[in-house]
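Chain letters run A, B, ... following the sequence lines, proteins first and then strands; every chain starts at 1.
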There are 2 protein chains.
Amino acid sequence: MNNYLPTSAKSVGPVGPAGTASSRVFDHLRKDLVGGRFVAGEKLAINALKERYQVGLSPLREALNRLAAYGLLVQENQRGFRVPKLSRDELDDIAQMRLEMEGMALERAIANGDSLWEADLLAAAHRLKRADITLDKGEEWEHLHTQFHRTLVAPCGSVWLLRFIEQLHDQFDRYRRLGPKMPTIRQELDEQHHQLVELALQRDAKAARELMDDHIHKSYEVALKRYQEHM
Amino acid sequence: MNNYLPTSAKSVGPVGPAGTASSRVFDHLRKDLVGGRFVAGEKLAINALKERYQVGLSPLREALNRLAAYGLLVQENQRGFRVPKLSRDELDDIAQMRLEMEGMALERAIANGDSLWEADLLAAAHRLKRADITLDKGEEWEHLHTQFHRTLVAPCGSVWLLRFIEQLHDQFDRYRRLGPKMPTIRQELDEQHHQLVELALQRDAKAARELMDDHIHKSYEVALKRYQEHM
DNA sequence: TTAGACAAGATAATCGATTTTTTAACCTAC
DNA sequence: GTAGGTTAAAAAATCGATTATCTTGTCTAA
């Protein structure tokens with residue numbers, strides 16, 4: 001796998017003893033930014049972050065620089081870092097791009113994926129369902145959800161497509177995770193995950209893409225609602 | 001414009017006195033990496049870079065962190081930074097993604113672009129032609145070429161699409177700029193720029209996209225040849 | 001009253017030195 | 001000879017302090 005992000009950025013669980021302070025704080029900040037722990041538009045007080053993440057200035061600044069290049073922060077020369085503002089236009093843009101790119105990736109994955117993929121996919125879907133049933137809609141569910149979507153498109157054959165999709169997911173989740181749960185739509189979305197697996201296993205690319213479009217569209221409606229309530 | 005990169009990263013000319021050391025070295029390193037001034041796979045000696053760019057350790061490391069998150073460097077925890085390797089597979093991936101994304105962007109730009117865009121486009125094409133005629137195939141031509149392609153897709157309406165295209169261009173140019181000029185194909189490509197402008201002004205999205213596909217395909221052949229000679 | 005100048009405090013950026021980790025050379029035991 | 005272990009040198013990461021820049025509040029002059 002051609003990988004540009006530092007080791008920790010791809011790691012799933014917590015970074016082991018080998019992780020640098022810079023990477024640990026990058027991971028942590030990334031999660032916090034995506035999870036909505038900062039106010040959009042807010043200026044980051046570097047000294048406060050030093051305390052919060054128990055880290056020195058140098059590794060903290062390196063992490064902030066990475067996050068800015070990744071798109072989860074805005075960097076303005078001589079005036080530090082801020083959390084990007086949210087906007088309806090951008091949400092629309094992100095959702096539209098997800099439609100295009102994840103659709104493309106899913107079609108390719110269905111064409112390329114081998115039986116190992118099928119197994120991974122079933123496993124990822126199962127783990128996600130367990131979390132659904134136990135009503136865990138916290139960090140653990142978020143992680144399994146990300147993991148499921150990642151697995152779904154993994155064998156698309158394009159490192160760059162996967163990279164862009166990952167980035168778009170992070171951006172999308174800044175909107176989706178603004179507010180509290182919405183159980184009704186949530187359940188509908190959860191069911192689609194299983195239908196996606198079935199269609200993928202049947203290698204029905206067309207139907208799978210249509211369902212994926214619908215899935216992203218429904219998620220978009222959730223995100224939009226939360227964005228509007230949040231205003 | 002929703003902008004995540006630091007001020008300097010979008011600036012066209014040299015950064016003014018307001019630029020930070022970090023941003024200056026980011027710009028400079030980016031140019032050098034895209035222009036092939038480093039050997040692919042090479043490990044960067046940070047102390048040597050300090051000398052080369054006349055900058056201290058902190059701003060240099062911040063620049064390297066940004067470049068890694070941007071995809072022009074690979075960062076491995078505890079063992080510094082290296083220039084990403086080149087591979088046939090990756091070149092194919094990048095070219096394929098350019099086809100998809102720039103095609104999409106061009107169609108949208110043709111649908112959205114106003115008369116100011118038409119003027120900008122004519123201007124960008126003209127400047128590029130001047131550089132062609134004066135046989136300047138150096139940094140200046142490269143800059144005008146980038147600028148032309150940027151202008152072409154600018155009004156596509158998607159900040160994220162533009163961002164990804166920019167990134168792919170940088171990656172593609174790591175291959176295209178491996179070797180010396182190839183005057184014959186070069187001339188052919190230069191002519192296509194003007195045909196692209198004409199089709200754009202005529203709002204012929206279909207023909208424009210086909211020509212863009214051909215343009216990228218021809219560029220791909222150049223890049224591939226250089227990559228193979230370079231091995 | 002208000003635009004502009006100024007100074008003081010706060011914040012960002014950078015530097016030089018220190019600590020930690022990796023790399024490579026060498027040695028020893030099998 | 002070679003695998004495994006030790007250590008010295010090199011490199012990466014981090015820290016603490018300094019310098020540069022921005023921000024805010026206050027004052028002055030029109």
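One finds the CD atom of A/Glu142 at 3.5 Å from the CZ atom of A/Arg177 (value rounded to the nearest 0.5 Å).
For B/Pro59, the side-chain atoms get nearest to C/dC15 when compared with the rest of C/dC15, D/dT21, D/dT14. Here C/dA13 is the nucleotide among C/dA13, D/dA13, C/dT14 with the atom lying nearest to any side-chain atom of A/Phe81.
OP1 or OP2 of D/dA13 has at least one side-chain nitrogen or oxygen of B/Arg61 nearer than 4.0 Å. Close to C/dA12, at under 4.0 Å from its OP1 or OP2, lies a side-chain N or O of A/Lys43.
Residues B/Leu161 and A/Gln96 fail the side-chain proximity criterion, which asks for heavy atoms closer than 4.5 Å.
Here the P atom of nucleotide C/dT14 and the NZ atom of B/Lys50 are 14 Å apart, to the nearest Å. For the pair A/Glu51 CD and C/dT11 P, the computed distance is 13 Å after rounding to whole Å. Atom CG of B/Asn77 and atom P of C/dT23 are 13 Å apart (whole Å). Note: CZ (A/Arg79) to P (C/dA12) measures 11 Å, nearest angstrom. In this structure, A/Leu57 atom CG and D/dT14 atom C1' are separated by 10 Å, rounded to whole Å. The nearest whole Å value for the distance from the CD atom in A/Glu76 to the P atom in C/dT11 is 16 Å. Atom pair B/Leu60:CG and C/dT14:C1' shows a separation of 12 Å (rounding to whole Å applied). In this structure, B/Gln54 places its CD atom 10 Å from P of C/dC15, rounding to the nearest Å.
By the 4.0 Å N-to-carboxylate-O rule, B/Asp27 lies too far from B/Arg30 to be salt-bridged with it.
Residue-level contact check: A/Ile46 touches the backbone only, with heavy atoms under 4.0 Å from sugar-phosphate atoms and none from bases. Contact annotation for B/Leu64: no contact, since no heavy-atom pair falls under 4.0 Å across all strands.
A parallel orientation is assigned to the rings of B/His149 and B/His215, their planes being inclined by less than 30° (bins at 30° and 60°).
Geometrically, B/Arg98 engages B/Phe172 in a cation-pi contact, judged by NZ or CZ lying under 6.0 Å from the ring centre and within 45° of the ring axis.
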